[in-house]
Enquirer: 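Sharing a structure here in structure tokens format.
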Amino acid sequence: MKFISNSLFLFLPVAGLLAQAPPPRPLTPGAQGVALPPNATAAPAVPPDRVIITVGEVRITAAQYNQIVESLPEQVRNAARGPSRREFAQNLVRIFVLADEGRNRKL
């Protein structure tokens, strides 16, 4: 009986240490001080009134895109303006397409 209680005192702290989650990793290469690769380009300068995304009848200008990006957390914001801006824009288009389909189906 004493052996079991002594082994629990040793086992419980070890189990507690192993149950901890690892520290979070940055989501994007440019987040949290990680250097961008040399071939990563910044977003080109675009006039704010230029339409950059068109989905059906919805048109998003560069200014509207910047407003959407500003509403995001900083890590995602860095990716949406930097190396992953194309993927972010594609995800934004998917959201608009799904929203349009939901309106058509009256969901």
Enquirer: Would you please name every residue forming a salt bridge (charged side-chain N to carboxylate O under 4.0 Å, His left out) with R105, sequence neighbours left out?
Expert: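 For R105 the salt bridge (charged side-chain N to carboxylate O under 4.0 Å, His left out) partners, ignoring immediate neighbours, are E101.
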
Enquirer: Taking ring-ring contact (aromatic ring centres under 6.0 Å, His included) as the cut-off, I'd like each qualifying pair that reaches into residues 45-95, sequence neighbours left out, listed once.
Expert: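 ring-ring contact (aromatic ring centres under 6.0 Å, His included) check on residues 45-95 returns Y65-F88.
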
Enquirer: For E70, is the CD atom crowded, meaning more than 12 foreign heavy atoms sit under 6.0 Å from it?
Expert: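 Count over threshold, so yes.
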
Enquirer: Any link between V97 and L92 through a network of hydrophobic side chains (Ile, Leu, Val, Met, Phe, Trp, Tyr) touching at under 4.5 Å?
Expert: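 In one cluster with V97: L92, yes.
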
Enquirer: Quick one: closest heavy-atom pair of N66 and R81, and the distance?
Expert: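 Between these two residues, the closest heavy atoms are O-NH2, 4.3 Å.
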
Enquirer: If I take atom CG from residue L72 and atom CD1 from residue I68, how far apart are they, to the nearest 0.5 angstrom?
Expert: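 Nearest 0.5 Å value for the CG-CD1 distance: 8.5 Å.
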
Enquirer: Would you be so kind as to tabulate the donor-acceptor pairs closer than 3.5 Å made by side chains of residues 52-63, with sequence neighbours excluded?
Expert:
residue : atom : partner : partner atom : Å
T61     : OG1  : Q64     : N            : 3.3

Enquirer: Are the side chains of R94 and N91 in touch, meaning some heavy atoms are under 4.5 Å apart?
Expert: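 Yes, at least one pair of side-chain atoms sits under 4.5 Å.
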
Enquirer: Keeping R85 on the side-chain end and G82 on the backbone end, is there a donor-acceptor pair under 3.5 Å?
Expert: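 At least one qualifying donor-acceptor pair exists.
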
